[in-house]
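Comments concern the structure below.
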Amino acid sequence: MSKNQFGSKIGLIAATVGSAVGLGNIWRFPAVTQANGGAAFLLLYIGCVILLGIPVMLAEFSLGRAGQSDAIGAFRRLAPGKAWWIAGALGILASYIITCFYIVVEGWTLEYLWQSISGDLYAGVGRLEAGGDFSAADAVFLGKMNEYISTPVAPVAFTWLAILINLGVLTGGVQKGIERLSNILLPLLFVLLVALCCVTLTLPGAGAGVEWFLKPDFSAITAGTVINALGQTFFSLSLGMGILITYSAYYPANTKLTPTAAIVALMTLLVALLTGFVIFPAVSSFGLTDHSLTGATLVFQTLPEVFACLPAPQLLSAMFFLLLFVAALTSTVSIIEVSIAFCRERFGMSRFKACLTTILPLPLLSMICSLSFSSLSDFKVFGLTIFDFLDSFATNILLPVVSIGVCIFVGWFAPKGLLKRELTNNDTVRSRIAGAVMFIIRYLAPVLIALILVYTFI
Ligand code: PFF
């Protein structure tokens, strides 16, 4: 068997789910859910994943497996001499930019893991009382967050450590590196998440948080809510980043794409749900509902406070940050692989050389992103720090543009019957949804994604 192929069905699913399940599900999901009114948003998000996420994922899978190359090469092979490869190039650009800032956050998770184990995170904080006055603890954890994230040296060092770990996995190759890592870490991620759920769901007063998370208030839905649900769908399923095109080129010819996409989407939804069951009950049980759950605050300030209310805060905190690191690692491995595949296909490099070439600029670029929280915080691009600018540019502009490109290409311009051939494995298996998927990627998906883009601009 070719080494550039996943070795087993479980392995390819674990790797793809590992890519999808990342900080977007565990950190971004609770924040957007809180900001958009809870259960009604959750329902919308589930709807978007099923109606749009799965079809667009199938379009990327079909393109990748039929193209048997990297994100640019797939377009080139299927449409030689045409400019469609630019969509692939933008996907690779998006993936590289996202890597530069995402790996910084992966570094933070390592730093928090270390500080949970060493005890420094909880030094000077006694056991907190549910419903009590959290203002002193707020100040302590905010101070720690500034110390761990907004100083120049330690965050950069932990980011570099994260880069080294990624390099170690990626030089191992598709089967011995990515697949093996995912086979071990994905089950660990589920075990940790379920264990944390057991703790938070049994807290006194947890019910109010669960109710808020699960009881929809449809009056909370606005146009903005819908757009946010769409955005969360694309980010959480790793669409538009070239990842799924790259990974599906490693799928064997007999892999059934529709069930694979369905499993990946379901597992991603399941992780989002479980994360909600960890966070909302805990926050409501300790009376922290007024805390902002946005971005870094939730994970690096509010949750440590929650752990400080519980017995064995260090252990729970270490479990949580390990979980976050695992989720981030299986995602960064997939996104760096996009550029590695490109170097290998385009320049015929060995895997080792492609890994080094791809990873070599990362320490410097990620350091610049990391320093935008400290020494470079006054340096602004369009009024944003470097970190925020790269995040907005890649997430709000590049990802939708690439997804529109993929949909229009597969829907209208790819060799005739490509989607159907891929979904039916050359007419050897049945596909009941090929027609519906085609309709969605031809008409519905491009229009809705274009709406996200327009909304972002206005
Ligand atoms: N679905 C991934 C997530 O939610 O985190 C998207 C992703 C982002 C994958 C960044 C890889 C990555 F480096």
Side-chain angles (χ1 to χ4, degrees), residues 13-33 45 48-49 53-54 56-57 60 71 91-110 159 162-163 165-167 169-170 178 181-182 185-186 189 193 228-247 261 264-276 295-296 299 323-341 358-359 362 365-366 369 387 390-396 398-400 402-403:
I13 288 178
T16 315
V17 173
S19 164
V21 172
L23 298 173
N25 302 77
I26 299 180
W27 153 351
R28 198 168 181 267
F29 172 74
V32 278
T33 305
Y45 170 60
C48 287
V49 166
I54 294 180
V56 178
M57 193 187 281
E60 289 206 19
I92 297 183
L93 177 69
S95 72
Y96 209 82
I97 292 178
I98 292 176
T99 310
C100 293
F101 65 81
Y102 195 96
I103 204 136
V104 171
V105 184
E106 188 169 319
W108 297 347
T109 65
L110 269 182
T159 300
I163 294 175
I165 297 174
N166 276 275
L167 179 66
V169 176
L170 285 162
I178 300 174
L181 174 92
S182 312
L185 292 192
L186 201 69
L189 183 136
L193 204 48
N228 281 324
L230 279 170
Q232 178 63 15
T233 301
F234 279 88
F235 194 85
S236 68
L237 294 178
S238 302
L239 301 174
M241 306 178 185
I243 296 178
L244 302 181
I245 302 177
T246 305
Y247 266 17
V264 172
L266 276 180
M267 302 276 256
T268 310
L269 283 176
L270 184 63
V271 170
L273 273 177
L274 289 174
T275 308
V299 172
L323 164 84
L324 214 55
F325 173 67
V326 165
L329 178 64
T330 48
S331 294
T332 43
V333 159
S334 73
I335 206 162
I336 300 174
E337 180 67 18
V338 173
S339 300
I340 293 177
T358 301
I359 290 188
L362 274 184
L365 297 175
S366 62
C369 288
F387 186 104
L390 292 178
D391 183 2
S392 299
F393 176 60
T395 314
N396 298 334
L398 289 178
L399 299 191
V402 175
S403 293

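Atoms within a ligand are numbered from 1 in the order they appear, just like the ligands themselves. FYI, side chains are in, hydrogens and waters are out, and symmetry mates aren't considered; it's all heavy atoms of this structure.
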Taking every non-hydrogen atom, the tightest pair across [X] and [Y]:
X: Ile335; Y: Ser95; answer: CG1-CB, 3.5 Å
X: Phe325; Y: Ile165; answer: CZ-CD1, 3.9 Å
X: Cys100; Y: Val104; answer: O-CG2, 3.5 Å

Taken in chain and number order and not counting sequence neighbours, the residues that satisfy side-chain contact (heavy atoms from CB on, under 4.5 Å) with Ser331 are Tyr102
Collect the protein residues that have a non-hydrogen atom under 4.0 Å from ligand 1 and hand them over in chain and number order.
Ser19, Ala20, Gly22, Leu23, Gly24, Asn25, Ile98, Tyr102, Phe235, Ser236, Ser238, Met241, Ile243, Ser331, Thr332, Ile335
Could you point out which residue of Val17, Leu244, Val21 forms a side chain to side chain contact (heavy atoms under 4.5 Å, CB included) with Val264?
Val17
Pair Ser19, Ser334 - check side chain to side chain donor-acceptor pair (under 3.5 Å), show working.
CA-CA 6 Å; Ser19 164; Ser334 73; 2.9 Å; yes
